[in-house]
Protein chains: 2
Amino acid sequence: MNKYINKIITGDSLQKLSNKEIFPDNSIDLIITSPPYADRRANTHKSSEYVEWFLPIAEQLKRILKPNGSFILNIKENVAKHERQTYTYELLLELKEQGWMWREEYCWYKNTSFPGYWPKRFRDNWERIYHFSKDIEIKFNRNAVKVPIGKWAEKRFNGKDIEHDKKRHVSKTGSGLSREVNKWKGKKEVDPHNVLEFTPVTNNINHSAAYPVYLPLWFIKLLSKKGDLILDPFMGSGTTAIAALELERKYIGIEIQASYSKVARKRIKEYKKSKIDS
Amino acid sequence: MNKYINKIITGDSLQKLSNKEIFPDNSIDLIITSPPYADRRANTHKSSEYVEWFLPIAEQLKRILKPNGSFILNIKENVAKHERQTYTYELLLELKEQGWMWREEYCWYKNTSFPGYWPKRFRDNWERIYHFSKDIEIKFNRNAVKVPIGKWAEKRFNGKDIEHDKKRHVSKTGSGLSREVNKWKGKKEVDPHNVLEFTPVTNNINHSAAYPVYLPLWFIKLLSKKGDLILDPFMGSGTTAIAALELERKYIGIEIQASYSKVARKRIKEYKKSKIDS
DNA sequence: GTTCCGCATGAATCGATAG
DNA sequence: ACTATCGATTCATGCGGAA
């Protein structure tokens, strides 16, 4: 497979993924992708067709992912005839059936959703990001995504210890919960949570797109190590590849439209050049 | 049914809801509730059992809701053995089968999630809020939930028009959406979106609870009119009733635990008293 | 009045140990 | 083997009385 590393393959995802020469079993560290959503113009498209299209692809992804790897899937259902479509719901249940472990659903809180007016609905400002794995044990580098502690901490710890915080607290619900707030004294950073906001950063590799680079950056940091191999089976304009390079990982991408592959290769070239120049 | 208006009924939800004397067909304007999540202590509880428990209740809710009414359901799945449970997913699909229209899924972005440490996951900071209806046409008072326009507008419109903004902007995705940014010039308030943060507003009622009052307040404003009848079939400590009173709506609540009914009645009494005193 | 400080507490899970 | 209990881990906010 070496000759495919750091390359974008133009072709059909299912076909390429099924090729064991390109993708041997257990060879990928992290899969991260944002597949094309069910085509809203094709109203005849039933949810089940979307699921049927995706499932064999997911089967191959499961074959080629390493046991301690992760699969990140960004997806959101469209609205048709005043109702949200159910293909994300059906797909998730089928992926479970297929043997994937559903580890988490992140809420990607997009503060830049497209404006618009709908009679009985507001702007759609969030998308689902599913985290799947094959096994319980996965790479999970929480230290790579810490965030600054809230301002409350400053006020709270400006001086002497608070006695009460050292005591044990028992919750009414019967779940024993203890804490020692003083342990956080001096902490600068804390774990993030599962609503991802990505406050706008002025990054030179930032690209105003439906799939901004900070998204793969965050998950690559969290779920892989340097030198790992990242796959995006729906590469589009190459954002996942850029993120992988930025973090010193390797990538493989698949893209069916030659025009997109071309754009992606160009972006990657320009990115590499800008790295050398700077 | 008049004798049940502005009352909390102690009893089993399914049994009470099935009583046509209390709840005639098409008699409720808005249902808003946060039912107990699947009990994680009962590990034998399968997702399907939760769904089977809820479905007949939902069937009655559909019977008693007015055609232009709405059903707001707040729910989130627990995690067990490193995986998210699927009962919310199964339930949604079954509710669709039952004939409900799935209008929206709001993300309730909670600023006060429970702290804790898990090996391969972060804190859970959001919950699902489903909006269902029986028909396409529903009450939807968007003007009641407007929010102040973001600071970006000030910057953008501080003086001269921006040429780019005068032109129609066509989305790259081909969705056919377009905008004319200058239309927003001078606007003070805009529509909200489907990620609900409830930043420091409407804090007039003090009660730290899992189900804070601003939640029903928001949906009651959006989806009902003054004098309408609001039902909460899992009333708990009466938060939905307080919200209904605050907005001059009527309420009916059901609660199985007498201790909770008592608390709720007390809270309502105190709320009424505080209104008169002030 | 307004800010500050201490107190209280919220839909949590997991692995280990005890029964 | 199987279930019940226990300890460990973790942030952020609101309220009330004090300064």
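Across the interface with DNA chain C, nearest-nucleotide mapping of B:Arg84 and B:Thr112 shows B:Thr112 to be the residue nearer the 5′ end. Mapped onto DNA chain C by nearest heavy atom, B:Glu77 and B:Ser113 fall at different nucleotides, with B:Ser113 at the one closer to the 5' end.
Nearest to the side-chain atoms of A:Trp152 among the listed nucleotides D:dA12, C:dC14, D:dT10 stands D:dA12. Distance from the side chain of B:Asn78 is smallest for C:dT13 among the nucleotides C:dT13, D:dT13, D:dA12. Considering only the side chain of B:Arg121, C:dT13 comes nearest among C:dT13, D:dT9, C:dG10. Side-chain atoms of B:Asn111 lie closest to D:dT13 of the nucleotides D:dC11, D:dT9, D:dT13. With C:dT13, C:dG10, D:dA12 as the candidates, the nucleotide lying closest to the side chain of A:Ile149 is D:dA12.
For B:Phe54 and B:Tyr87, the ring centers are positioned 6.0 Å apart or more. The distance between the ring centers of B:Phe140 and A:Phe122 falls below 6.0 angstrom.
Per the geometry, NZ belonging to B:Lys120 stands 17 Å off C1' belonging to D:dT10, to the nearest Å. Rounded to whole angstrom, the span from the CG atom of B:Asp124 across to the C1' atom of C:dT13 amounts to 12 Å. If you take CH2 of B:Trp126 and C1' of C:dA12, they are 17 Å apart, rounded to a whole angstrom. Between A:Trp102 atom CH2 and C:dT13 atom P the separation is 12 Å, expressed in whole Å. The CZ atom of B:Arg123 sits 12 Å away from the P atom of D:dT10 (whole-angstrom rounding). Computed from coordinates, the A:Lys188 NZ to D:dC11 P distance equals 14 Å when rounded to whole Å. Residue A:His193 contributes atom NE2, which lies 15 Å from atom C1' of C:dG10 at whole-angstrom precision. Atom CZ of A:Arg142 and atom C1' of D:dC11 are 13 Å apart (whole Å).
Counting only Watson-Crick and G-U wobble pairs whose two distances sit under 3.5 Å, DNA chain D takes part in these stems of three or more pairs: C:2-10 with D:11-19, C:12-19 with D:2-9.
Comparing D:dT9 with C:dT9, their P atoms are spaced 23 Å from each other, to the whole Å. Taking atom P in both C:dC7 and D:dT10, one finds a spacing of 22 Å when rounded to whole Å.
Listed for the A:Arg249 side chain is a donor-acceptor partner under 3.5 Å among the backbone atoms of A:Lys225. B:Ser224 places a side-chain N or O within donor-acceptor distance of the main-chain N or O of B:Ile220, the cut-off being under 3.5 Å.
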Please list, pair by pair, any protein nitrogen or oxygen found under 3.5 Å from a nitrogen or oxygen in nucleotides 15-18 of chain C.
from	atom 1	to	atom 2	distance (Å)
C:dG15	OP1	B:His82	NE2	3.2
C:dG15	OP2	B:His82	NE2	3.4

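Take B:His193 and apply the side-chain hydrogen bond (donor to acceptor under 3.5 Å, both in side chains) test, not counting sequence neighbours, and it matches A:Asn125.
Under the 3.5 Å distance criterion, with hydrogens and angles disregarded, a donor-acceptor pair is assigned to the side chains of B:Arg267 and B:Thr239. Side chains of B:Glu197 and B:Asn111: no donor on one and acceptor on the other come within 3.5 Å.
Residue contacts shown for B:Pro35 include a base, since a base heavy atom lies under 4.0 Å away.
Looking only at side-chain heavy atoms (C-beta outward), B:Lys7 and B:Tyr251 stay at 4.5 Å or farther from each other.
A:Asp135 has no carboxylate O lying under 4.0 Å from a charged side-chain N of A:Lys66, or vice versa, which leaves the two without a salt bridge. Of the charged side-chain nitrogens involved, at least one lies within less than 4.0 Å of a carboxylate oxygen, so that B:Lys139 and B:Asp29 count as a salt-bridged pair.
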